[in-house]
Amino acid sequence: MLRLSQYCVFAGIVAVAAALTSYVLAFASDRVARAHTVFAAESSGGTVTTIAAGEAPRGAAAFGTLTTWLSLGFLSAALVFRAIATGHGPFANMYEFSVAFAWGALVINAYFMRRYRQWAVGVIVLPVALGLLLYSTTVSSADEPLVPALQNNLLLTAHVATAVVAYGAFAVGFAAAVLYLLNREDRGSLLPKRQLLDDLSYRAALIGFPFLTLTIVLGAIWADIAWGKYWSWDPKESASLVTWVVCCAYLHARAARGWRGQRAAVLLIAVFAAVLFCYYGNLFFGGLHSYG
Amino acid sequence: MSHTVTAPAPPRLPREPAAELRRPALPPHVWILRKLTSMRVALVALFVLAVLTLAGILLNQAPSSVTSNQAAYAEWLSSVRPDYGGWTGILNALGLFSVFSSIWFRGTVLFLSVSVLTCSVRRFPGLWRTATRPRMVMTDAFFERAPHTARIVSEKDQGAALAALRTAFRKNGFRVSTERDGEDIHVCADRFRWGPFGRIAAHVSFVVILLGAVATGTGGFRDESFAIPVGDRMAVGHGTGLAVEAKSFVDSYYPSGPPRAYESQLVLYKNGVPVHTQEDRVNHPMRYDGVTFYQSYFGPAVVMRAQTSSGQVIFNQGVALQYESQDEKESIGRFELPQQGLKVFVVSPRSGEIDPGIPAGSTQLEVYDIDNETPAGIQVLSQGKPATIAGVRFTFVREREFTGLIVAHDPGATIVWIGAALLVLGLFTTFYFPHRRVRAVLRPGAGGSEIGIAAIERRHPAFPGLFEHLVQDIRRAAGQGAQPPREGGADA
C-alpha cells in the first residue's frame, strides 16, 4: 500500500508538471497569437479581439486543466493509500505534510477553477505544488512509527488537515495576487481580469483565515493535552501567530480601509511568505514541532 | 536652443491656516476614543505585533527559569553575546530577549484588546437595530436604483401574491417581516440576520483569550519537576490535599529505535485516601479536581536510607536523579535532613557515561551544611554497604527509576477555550453565514398586483446568483402573468 501511495505521488508529480507545461504553452501561444492579431489589427485599423476569462479552456489550456484534475486524483489516492498503510492521518512528518500541502493547494485551486470558471491561477499554484512535491522526494518517506507526542489520531488529523486547507487557500490567494500584479494593464489576454483576481484572492483568504484560526485552536488544545500547556511560544506556534496577525491585518485593511488591488495583493503575498516561514521555520529554529 | 515652459507657480499658502479654518483641538477623551477606534492605528498595532513576534522567533529568548534570577540571567546573556556581539546590550535594553513579556508586546496586546472592545461596544447597538428593528418602508427610488432590482407583474391579487412571496422567501431561508403603508405592503426579508454578531464574538474573543492568559499566568500553579521514584508517594502541595504514588514506570521502544510509549501507573490520594488510579501517558494525562498530571520525563533514581547513630531511620525513600552536572556527564539528586541541618546530593554517572571515581553499583554522596554550603563529607557508597558522614549513617539500598510529571492547575485554560470557541464560531459565522437582506413592495395593479424587489448587497460575488434564484422562485410562485425583470434590473 505504501508503494502504491508513492507511485501515486510520482504520477501526481508528472501530472502537475504536464499541467504546468500545458499552461505555459497556452500562454506562450496566446502571446504569439496576440502579437499577430495586434499587428493585423493595427495594419487594418481594426480592434484587437481577445479571449475573455471565464471561457472554457481550449487546446493546451484544456489539456492543462485535465491534467490538473488528474494530479488532484493521484494525490488524493496517494494520501488515502498512505493513511490506510500507516493507520493515521497522512500528516505526521515532512514528507506526508508536503504531499498534503500540495494536495490542499490543488483542491482549493480546483474549487476556484470551477467556481470562477478560470484556470490561469494554476500557472502560479502548480509551481508551488510542484515545488512541495519535489521537496517531498528529498525527505524520508519511510513509515516511521508515531512517537508518544504524536499518538493522538483525532487531533493529529484535525489539526493538520485544517492547516492543509488553510495553507492551500493561502497558496491560491498568493497565486491570484501575483497574477494581479503581473496583469498591470488589464488588457485582454488569457489572464483573468484584475477585478476577478482581486476578488479571487480575497475569497481565498476568507477560506484560509478561519481555517488557520481553527488550526491554531486545535493545536492549542493538543498542546494542552500532550505538552501540558496550551501555548509555549514554540517557534512554529509563534510563526502561525505571525501569519494569523498579518492575515488579520489584510482582512481589516480590505474591509475597513478599502485596501484593494495592489496594496492588498502585496499584503496577501506577505501572508503566504509567513505561511512558508511557518511551514519550514521549525527546520531551522527547532522547538517542540521538531518532528514536522 | 530650447525653451522650458513652466506653469505659473501656485500662490503660496500661509504656514498657519486662518484661525477660523483651524480645527479646534479635540478634548483628550475624544482624541483617545478616536485613536482606540481608528482602524489605521489598529493596523499599525497589528504590524507591530507581527514584527515583535517575528523577533521572538529569530532572536534567542531567555528561558523563564533564568529571567527571574539576576545572576542566572547575566550568565545567560554572556552565553548569547558571541551571537549578537555589540548588539547584545541594545537588544537586552529593548527587552527583545524576552519579547513576549516585554512592555512593547504587552502594551500592543493591551491596546488591541481595548481597541476591539471599544469598537465592539460602539458597533453593537447599530447591529442590534439592523437585526431587530429594520426600516420597513422604502421609497420608490430605492426599488428603482438599488444595485439589484426586479419587477414582477402577477395576476394574483395582493394578498395571494404576498403569500407566494412569503413561500418563495422562506424556501430560500429568509425570514419575512411585513408592514402596510397605504395600499402598499412592504416586505423585509432577512437571512442569517444574526450573522454580523459573529464579528462581535470574534473580536470579543480576543479579550476573553487574553483574560484567560492572564488567569493562567497569575492563578493556579505549575510544577514542571515533579519527579516520583517508583514505589514512592509524593504530596502535590498547593493546598490540594493530593498525593501521587508511582506504582510503576515503563518506557518502551519500537524495534527501529524511536520511543513507543512512556507510561506511569499512578495512584492518586486525597487527604490520604486513594481516589483515582490511572495509567498516565503522553497524550493521556490524569485529571482530578482541576489538577492535571502530565507524563513528562523519566530517569534513574536511587533508594537511600539514613540513620542516626542510635539506629533510628530518619530517611528511607527514593531520590530522583533528575538534575544534570554542567558537563552533562552525571545525574544528580538531592534530599534534605532538616533535623540534622544537612542537605545531601546523590551523584551517579549518566546512562552510557563511565566515571572511574564512581564504579558501577555505587553512588557518590556529597553532604553539605544546609545553610552555608560547607561540605561535611563526600564519599562513594557501594550498594548495601553503609557509610557514616557527618554523624549520619547512609546506605545506598538499590537503584530504581523515577517518573517525571508536570503537575498543573490552570484556572485560565477554561477561559481560553471559551474565547477560542467564540473566535472560531464568530469567524465561521461572519464569513460563511453573512447577513442577506432583500426588500419587496407589493402594490395592487390592474388585474392583479405588482411586485418590486430590491437589494443593496454589493460586495459578495455570489449574491447576484442568489438574487436571480430568488426572483425566479418568486416569479414561479406568483403565478401566470409574471414578467421578466426589467432590462438593467436583476443583474443575474
Side-chain angles (χ1 to χ4, degrees), chain A residues 115-116 142 144-152 155 196 199-200 202-203 206-207 209-211 213-214 216-218 220-222 224-231 233-239 241-246 248-253 255-257 259 270 274 277 281 284-285 287 291, chain B residues 39-40 42-47 49-51 53-54 56-58 61 99-100 202 209 212-213 216 222 224 251 254-256 258-263 281-285 292-296 405-408 410 412-413 416-417 419-421 423-424 426-428 430-432 459-462:
Chain A
R115 174 143 187 179
Y116 284 83
E144 295 290 347
L146 295 182
V147 296
L150 290 178
Q151 290 168 10
N152 191 325
L155 281 170
L196 186 139
D199 186 59
L200 196 152
Y202 179 55
R203 294 289 133 203
L206 290 190
I207 296 174
F209 188 65
F211 276 89
T213 308
L214 197 53
I216 294 172
V217 168
L218 288 169
I221 292 171
W222 194 3
D224 189 52
I225 292 171
W227 300 334
K229 213 172 184 182
Y230 54 79
W231 195 264
W233 296 112
D234 172 65
K236 198 141 182 151
E237 284 177 353
S238 303
L241 182 65
V242 172
T243 313
W244 190 88
V245 168
V246 178
C248 187
Y250 164 80
L251 292 172
H252 281 88
R257 298 282 306 166
W259 278 31
F277 180 68
F284 305 104
F285 303 111
Y291 34 72
Chain B
M39 182 52 70
R40 187 194 294 259
L43 283 175
V44 171
L46 281 173
F47 280 112
L49 195 65
V51 169
T53 309
L54 200 58
I57 301 168
L58 299 176
Q61 296 296 294
V99 166
F100 303 116
I209 290 172
T216 295
R222 182 178 177 83
E224 295 195 344
D251 53 315
Y254 295 105
S256 54
R260 181 203 294 269
Y262 305 119
E263 298 161 317
R281 287 180 285 141
V282 180
N283 270 308
H284 295 87
T292 312
F293 302 81
Y294 302 92
Q295 179 64 57
S296 178
L405 308 177
I406 295 173
V407 183
D410 182 357
V416 168
W417 302 138
L423 178 62
V424 171
L427 287 180
F428 276 87
T430 304
F431 294 147
Y432 301 128
R459 288 192 294 189
H460 203 287

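The basis for the numbers below is simple: all heavy atoms, side chains too, and nothing from hydrogens, waters or symmetry mates. First the proteins, then the strands, lettered A, B, ... as listed; each starts at 1. This is a predicted model, so every value here is computed, not measured.
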Peer 1: Please determine whether side chain to side chain contact (heavy atoms under 4.5 Å, CB included) holds for the pair B:F428 and A:T213, giving the CA-CA distance in whole Å, both sets of side-chain angles, and the decisive distance to 0.1 Å.
Peer 2: CA-CA 10 Å; B:F428 276 87; A:T213 308; over 6 Å; no
Peer 1: Can you tell me how far the CG atom of A:L251 sits from the CZ atom of B:F431, to the nearest 0.5 Å?
Peer 2: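 Interatomic distance, A:L251 CG to B:F431 CZ, rounded to 0.5 Å: 5.0 Å.
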Peer 1: Name the region of A:A220, side chain, backbone, both or neither, that has any atom closer than 4.5 Å to a heavy atom of chain B.
Peer 2: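 Both the backbone and the side chain of A:A220 come within 4.5 Å of chain B.
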Peer 1: Using a 4.5 angstrom heavy-atom cutoff, name the option from A:Y202, A:W231, A:F211, A:W244 with the most pairs to chain B.
Peer 2: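 Heavy-atom pairs under 4.5 Å are most numerous for A:F211.
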Peer 1: Side chains of B:P285 and A:I225: closer than 4.5 Å at any heavy-atom pair?
Peer 2: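 Yes, at least one pair of side-chain atoms sits under 4.5 Å.
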Peer 1: What residues, two or more places apart in sequence or in another chain, satisfy side chain to side chain donor-acceptor pair (under 3.5 Å) together with B:T216?
Peer 2: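 B:T216: side chain to side chain donor-acceptor pair (under 3.5 Å) contacts with A:Y230, B:D410.
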Peer 1: I need the A:L241 CG to B:L49 CG distance, nearest 0.5 Å.
Peer 2: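 Reported to 0.5 Å precision, the distance equals 6.0 Å.
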Peer 1: Decide side chain to side chain contact (heavy atoms under 4.5 Å, CB included) for A:W233 and B:I57; before the verdict, give the C-alpha distance in whole Å, the side-chain angles of both, and the deciding distance to 0.1 Å.
Peer 2: CA-CA 8 Å; A:W233 296 112; B:I57 301 168; over 6 Å; no
Peer 1: Mind ranking A:A253, A:P145, A:A249 by heavy-atom pairs under 4.5 Å with chain B and telling me who comes out on top?
Peer 2: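 Of A:A253, A:P145, A:A249, A:P145 has the most heavy-atom pairs under 4.5 Å with chain B.
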Peer 1: Only pairs of heavy atoms separated by less than 4.5 Å count here; which of B:T292, B:T430, B:V416, B:V99 has the most with chain A?
Peer 2: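 Of the options given, most contacts go to B:V416.
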Peer 1: Measuring heavy-atom distances to chain A, does B:L54 have an atom under 4.5 Å in its side chain, in its backbone, in both, or in neither?
Peer 2: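 When you check distances to chain A, atoms from both the backbone and side chain of B:L54 fall under 4.5 Å.
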Peer 1: Using non-hydrogen atoms only, which part of A:I221 is less than 4.5 Å away from chain B: side chain, backbone, both, or neither?
Peer 2: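 Both parts, backbone and side chain.
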Peer 1: Could you tell me which non-hydrogen atom of A:Q151 sits nearest to which non-hydrogen atom of B:R260, and how far apart they are?
Peer 2: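 In terms of heavy atoms, the two residues are closest at NE2-O, 2.7 Å.
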Peer 1: Which heavy atom in A:D224 sits nearest to a heavy atom in B:Y294, and how many Å separate them?
Peer 2: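 So the minimum-distance heavy-atom pair works out to O-CE2, 2.8 Å.
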Peer 1: Check whether B:T53 gets within reach of chain A through its side chain, its backbone, both or neither, counting any heavy atom under 4.5 Å.
Peer 2: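 Contact with chain A: backbone and side chain both.
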Peer 1: Is B:Y432 in contact with chain A via its backbone, its side chain, both, or neither, using a 4.5 Å heavy-atom distance?
Peer 2: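 Only the side chain of B:Y432 comes within 4.5 Å of chain A.
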Peer 1: Can you name the nearest heavy-atom pair linking B:V282 to A:A226, along with the distance?
Peer 2: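 Reported closest heavy-atom pair: CG1-O, 4.1 Å.
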Peer 1: Please flag which part of B:R222 lies under 4.5 Å from any non-hydrogen atom of chain A: side chain, backbone, both or neither.
Peer 2: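 Contact with chain A: side chain only.
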Peer 1: Using modelled atom types and a 3.5 Å cut-off, is there a donor and acceptor pairing between side-chain atoms of B:Y254 and backbone atoms of A:L146?
Peer 2: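 Side chain of B:Y254 to backbone of A:L146: a pair is present.
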Peer 1: Write down the atom of A:N152, the atom of B:N283, and the distance for their closest heavy-atom approach.
Peer 2: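 Reported closest heavy-atom pair: ND2-OD1, 3.4 Å.
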Peer 1: Check each atom of B:A213 against the heavy atoms of chain A and say whether the ones under 4.5 Å are side chain, backbone, both or neither.
Peer 2: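 Its backbone and side chain both get close to chain A.
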Peer 1: Roughly how far, to the nearest 0.5 Å, is CG of B:L43 from OH of A:Y250?
Peer 2: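 A:Y250 OH to B:L43 CG: 13.0 Å, rounded to 0.5 Å.
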